[in-house]
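Taking it in order: structure first as structure tokens, then the write-up.
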Amino acid sequence: MMAFCRKLLSPTDFLPLPLSVQNSLRCIELNSPFSPKGITGITTDLIKSYFDEGSIEEAHSLFDEMPHRDVIAWTAMITGYTSCDHHNRAWNMFSYMLRDGVKPNAFTVSSVLKGCKELKALSRGKLVHGLAIKIGTQGSSIYVDNALVNMYATCCDSMDNARLVFEDIVTKNAVSWTTLITGYTHRRDAYGGLQVFRQMFMEEGELSPFSFSIAISACASIGSSNLGKQVHAAVINHGFESNLPVMNSILDMYCRCRCASEAKQLFGEMTQKDTITWNTLIAGFETLDSKESLCIFLQMVAEGFSPNGFTFTSVIAACANLAVLYCGQQLHGEIIRRGFDNSLELSNALIDMYAKCGNVADSHKIFSQMSLTNLVSWTSMMIGYGAHGHGKEAVELFNEMVRSGIKPDKIVFMAVLSACSHAGLVDEGLRYFRLMTSYYNVAPDREIYGCVVDLLGRAGRVNEAYELIENMPFKPDESIWVALLGACRKHKQPTMGKLAALKVLDMKSNKAGTYVLLSNIYAAEGNWADFASLRKLMKSSKNKKEVGRSWIELKNQVYSFVVGDRYVSSNEEIYEVLKLLIRHMKDVGYVLDLDLDCFVHDLEDET
DNA sequence: GTAGGGTTAG
């Protein structure tokens with residue numbers, strides 16, 4: 001015992017120790033040897049300090065040396081391990097505690113349940129639930145009840161249990177409500193979450209800003225600005241407008257519901273802003289208007305806010321969307337200067353950016369230099385290869401990924417199938433389509449079938465593509481027929497093309513492009529009666545084909561233009577570059593597809 | 001001396 005105290009009080013330990021631990025030791029000095037906490041209490045205090053500083057091993061050895069460990073000390077260890085994401089060590093501590101005959105209290109039970117929740121370990125959670133009933137903590141501690149709801153709401157297939165425990169809570173507090181709403185929302189049942197949110201008002205439950213943020217995030221996840229606006233109004237009515245996380249989630253909701261002007265207005269009216277506010281707007285505009293997203297980024301820096309990894313991930317994605325290589329490279333330099341270049345997510349965004357800017361070699365350079373990769377890194381690299389027609393490299397990368405132990409998901413299969421499709425590796429692609437279910441146990445969905453239709457269609461195997469559509473376990477949607485129609489157009493298959501076009505129009509799709517393609521087919525087969533009636537229909541419905549837009553980056557400025565654009569034509573330098581590009585395309589053997597494209601443009605001019 | 005819920009990435 002004396003040796004233990006001497007170790008604790010040794011002045012040589014003071015200097016390298018974290019500040020909070022030093023403070024605890026000073027407290028011992030002040031109180032020792034007649035500390036009111038007792039030596040066990042002071043040591044527990046120290047253990048907590050070590051965990052707070054992330055010094056796990058120090059906390060562990062201190063606990064090992066404790067001559068007497070009470071329930072509070074054990075619980076501090078369990079909580080400490082849980083806070084450092086060492087959930088299995090927390091569970092082991094709990095087992096040792098029970099083995100030592102120490103009776104857990106409500107603090108212990110709620111901490112252990114949190115660990116079960118993090119591990120999504122339902123069976124362990126159920127054991128603890130049983131124990132909680134046995135020792136009488138369920139129903140007597142709101143912390144235990146809420147932790148049970150949280151554990152069941154997070155584990156798979158146990159939402160009913162979460163609901164049962166929740167309904168049994170006599171005095172539900174704000175945490176109980178928020179936990180249940182979060183449970184539904186995080187398992188992608190936004191309507192379920194919003195229903196509980198509504199129930200909370202009806203039962204006059206305790207309101208808190210937390211429940212408002214999660215309800216808003218539920219509205220965002222279903223893209224309902226209508227519901228989002230209602231919750232926004234409730235936020236104002238209940239005086240939560242001054243809560244920054246709530247306002248940030250409303251901003252995110254407007255962005256994700258594609259309400260750009262509402263988002264901009266709210267942002268302008270917000271009196272308080274933090275990095276998350278800026279990042280939310282920048283990330284939101286990355287998909288809504290990438291150029292604007294870059295402008296907001298400049299504004300953020302000008303106003304003295306420090307961009308972080310999230311910020312750079314969004315602006316790099318914006319550069320990818322705009323295909324502005326020079327801008328992306330400058331930002332990459334800034335990322336390295338600021339030391340964010342070892343971020344996994346950011347490296348993934350850079351792989352995508354370089355590939356979309358036509359520089360797949362630099363994508364690979366980033367990919368190969370990454371110390372840590374995940375499924376997204378491999379997928380981004382495969383998408384990059386696929387888009388550049390390097391199907392073989394994409395397939396090799398897929399095999400390498402599987403060898404490295406990463407389990408493929410649906411999206412990586414889409415990347416491989418698309419890469420095979422663009423490189424004409426039809427049989428290779430079909431092999432992966434088969435392996436997907438038979439070997440990798442990934443269920444193909446409608447989008448995967450769309451990829452396979454595209455794979456067959458691009459190669460001109462339109463009949464096989466049609467057969468696949470007819471036999472797939474889903475009702476074909478518009479995009480699948482559009483893919484087949486595109487293939488028929490490319491391979492000049494008017495009969496199948498007519499069928500696909502009629503299917504698209506059957507789906508009440510008012511896509512003018514489909515009308516144009518169908519009328520082209522009628523014209524080509526000399527069916528002038530149908531051609532004329534379709535053109536009449538197009539004129540009456542005022543359908544206009546969305547204009548195809550191209551862009552060119554010149555001297556750090558992006559110019560966007562459409563066919564016959566006078567603005568671009570008047571800029572001599574751009575015109576010269578375009579002429580150069582066309583000459584280069586002809587030199588490498590590209591033949592302009594004039595017959596159909598001119599027809600489309602003629603029609604556009606007329607409508 | 002030990003316990004809880006929310007907002008930003010293929």
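All of these numbers come straight from a predicted model, not from anything done at the bench. Atom set for the values below is all heavy atoms of this structure, side chains included, hydrogens, waters and symmetry mates excluded. Residue numbers start from 1 in every chain, and the chains themselves are labelled A, B, ... in the order their sequence lines are given, proteins ahead of strands.
- Under the 3.5 Å distance criterion, with hydrogens and angles disregarded, a donor-acceptor pair is assigned to the side chains of A:E269 and A:Q265.
- Among the atoms of the strands shown, none is found under 4.0 Å from any heavy atom of A:T275.
- The residues A:E447 and A:K410 are annotated as salt-bridged, a charged nitrogen and a carboxylate oxygen being separated by less than 4.0 angstrom.
- Partners of A:H129 according to the ring-ring contact (aromatic ring centres under 6.0 Å, His included) rule, which considers only residues two or more places apart in sequence or in another chain, are A:Y152.
- Contacts of A:S377 with the nucleic acid, taken as non-hydrogen atoms under 4.0 Å apart, are absent.
- Looking at heavy-atom distances under 4.0 Å, A:N146 makes contact with a base.
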Criterion side-chain hydrogen bond (donor to acceptor under 3.5 Å, both in side chains) on A:T311 and A:W278, from CA distance to verdict: CA-CA 8 Å; A:T311 329; A:W278 286 96; over 6 Å; no
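- Between A:F398 and A:F413, the distance separating the two ring centers is shorter than 6.0 angstrom.
- Among the heavy atoms of the strands, none lies under 4.0 Å from A:T82.
- Looking at heavy-atom distances under 4.0 Å, A:R256 makes contact with sugar-phosphate atoms alone, never a base.
- Using a 4.0 Å heavy-atom criterion, one finds that A:A415 contacts no nucleic acid atom at all.
- Residue A:A349 is out of contact with every strand shown, counting any heavy-atom pair closer than 4.0 Å.
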Derivation of the side-chain contact (heavy atoms from CB on, under 4.5 Å) call for A:I406 and A:N374: CA-CA 8 Å; A:I406 295 180; A:N374 65 3; 5.8 Å; no
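- Contacts of residues 306-320 of chain A with DNA chain B (heavy atom under 4.0 Å): A:F310.
- Between the side chains of A:S249 and A:S217, no donor N or O sits under 3.5 Å from an acceptor N or O.
- Residue A:N150 is in sugar-phosphate contact alone, with no base atom involved, counting any heavy-atom pair closer than 4.0 Å across all strands shown.
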Verdict with reasoning, A:E303 to A:K273, per salt bridge (Lys or Arg N to Asp or Glu O under 4.0 Å): CA-CA 11 Å; A:E303 291 193 22; A:K273 286 173 188 139; 5.3 Å; no
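- Reading DNA chain B from its 5' end, the first and the last nucleotide to sit under 4.0 Å from a heavy atom of chain A are B:dG1 to B:dG10.
- Using a 4.0 Å heavy-atom cutoff across all strands shown, A:V246 reaches at least one base atom of the nucleic acid.
- Within 4.0 Å of A:D409, counting heavy atoms only, lies at least one base atom of the nucleic acid.
- More than 12 heavy atoms of other residues, nucleotides or ligands sit less than 6.0 Å from atom CZ of A:R338.
- Heavy atoms of A:T379 sit under 4.0 angstrom from at least one base atom.
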